[in-house]
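Note sheet for the following structure.
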Number of protein chains: 2
Amino acid sequence: MDGARMGWELSTAVVLFHEAVARKLGLSAVDHKALGVITRSGGLTAGALAGELGMNASAVTALVGRLERAGYARRVADPADRRRVLVEADPGNRPDLAGIFADLGADMNAFMSRYDARELATIADYVTRTVEVLRKRTEALQQSL
Amino acid sequence: MDGARMGWELSTAVVLFHEAVARKLGLSAVDHKALGVITRSGGLTAGALAGELGMNASAVTALVGRLERAGYARRVADPADRRRVLVEADPGNRPDLAGIFADLGADMNAFMSRYDARELATIADYVTRTVEVLRKRTEALQQSL
DNA sequence: TATAATACTTCATCAGATTGAATTATTCAC
DNA sequence: GTGAATAATTCAATCTGATGAAGTATTATA
């Protein structure tokens, strides 16, 4: 299997998994994606979230409302600028989400534990660089709209 | 960076890239995902596609119509059973799609070419197993709805 | 051959999310 | 301090895609 095909398979598998998780959590794919962005950022303003997702402010207000009502995120007033609202992930009271990733983590560990340190370093390097490339390409696509 | 965190970053990057591509192509994320499934399968019936995507038949009719009109897929009568419609990817007349993946491929090659055979084998093994796990977990999630 | 089952499509309807304009609260610039 | 700019929200209108029932064509069964 060549590299491109491999990447394609991985991408499709990730996307389908992502959507299955969303459905299980009772979220749309967009909302789940937004939750991913929020979690990764460790908290960001509503406006920044709008920028990341490419949607306008009122759509984000609605989106954050849905996530908040479902218990996946919360709004926190920004102490530095009180016009701003910080959106943070709120994983505390959602054992279902934790459960899904515990299952996935167990499966991943089952084969990851068989790699030696050298192999793990190679994998880490590959993943890190792949993420870099994907981010760069994503940004390029967004620019060119 | 631990394995779980790495996987999480990769997943988010893939999903955001996937959506950016969709937007660039003028497709919704769902339609783009469907196109991925169609391409990966190498052609499948409308019914099978409905099964893969978890939507009903009429939704798939509409979806395939959109992809067909946009030039990304085509319907082919199944010679074995003329009730059936085979849906195939139609990449021929869509240079935009090819262009995006050419750019991505170039970036990927830039660092992939620096791995030796042993490292490439490790990476291939990792990706293959990760895809297996993701597919298994996706199916498990779909079952448990 | 008549009947039932399958595969897809069509159509009307519905639910959901997105948009844009107007509104409120806060901060910045002069 | 006043006016302009910024950040988020609310609301009405709209758009998109999904659903379910009915319809058409084809194949399987008896």
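Given the structure is predicted, the values throughout are model-derived calculations rather than measurements. Within every chain, numbering begins at 1; the chains are lettered A, B, ... in the order of the sequence lines, protein sequences first and strands thereafter.
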Walk me through whether A:Glu132 and A:Lys136 qualify under salt bridge (Lys or Arg N to Asp or Glu O under 4.0 Å). CA-CA 6 Å; A:Glu132 266 170 30; A:Lys136 174 183 155 196; over 6 Å; no

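- More than 12 heavy atoms of other residues, nucleotides or ligands sit less than 6.0 Å from atom CD of B:Glu68.
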Tell me, for nucleotides 21-30 of chain D in 5' to 3' order, what letter each nucleotide earns: B for a base near a protein heavy atom under 4.0 Å, S for only sugar-phosphate near one, - for neither? ----BBS---

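- If you check the side chains of B:Asp31 and B:Tyr72, you find no donor sitting under 3.5 Å from an acceptor.
- The CG-C1' distance, from B:Asp31 to D:dT16, rounds to 10 Å in whole Å.
- The nearest whole Å value for the distance from the CG atom in A:Leu63 to the C1' atom in D:dT9 is 14 Å.
- One can place CZ of A:Arg75 at 12 Å from C1' of D:dT10, the figure rounded to the nearest angstrom.
- The side chain of A:Val85 sits closest to D:dA8 out of C:dT18, D:dA8, C:dT10.
- In this structure, B:Arg66 contributes its side chain and B:Ser28 its backbone to no donor-acceptor pair below 3.5 Å.
- Residue B:Val60 is the one, among B:Val60 and A:Ala59, whose nearest nucleotide of DNA chain C lies closer to the 5' end (criterion: closest heavy atom).
- For the pair A:Arg66 and C:dT18, the criterion of a side-chain N or O lying under 4.0 Å from OP1 or OP2 is met.
- Using a 30° and 60° split on the angle between ring planes, B:Phe101 and A:Trp8 fall in the perpendicular class, above 60°.
- Considering only heavy atoms from C-beta on, B:Leu97 comes within 4.5 Å of B:Leu35 through its side chain.
- A distance-only check finds a donor-acceptor pair linking the side chain of B:His32 to the backbone of B:His18 [under 3.5 Å].
- With hydrogens and angles disregarded, a donor-acceptor distance shorter than 3.5 Å links the side chain of B:Ser41 to the backbone of B:Ile38.
- B:Asn56 places its CG atom 16 Å from the P atom of C:dC11, with the value rounded to the nearest Å.
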From CA spacing to verdict: side chain to side chain contact (heavy atoms under 4.5 Å, CB included), A:Thr45, A:Asp81: CA-CA 10 Å; A:Thr45 66; A:Asp81 181 344; over 6 Å; no

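- One atom, CE of A:Met55, and another, P of D:dA8, lie 15 Å apart when rounded to the nearest Å.
- Of the residues in residues 34-54 of chain B, those placing a heavy atom less than 4.0 Å from an atom of DNA chain C are B:Thr45, B:Ala46, B:Gly47, in numerical order.
- When rounded to the nearest whole Å, the span between CG of A:Leu67 and P of C:dG16 equals 16 Å.
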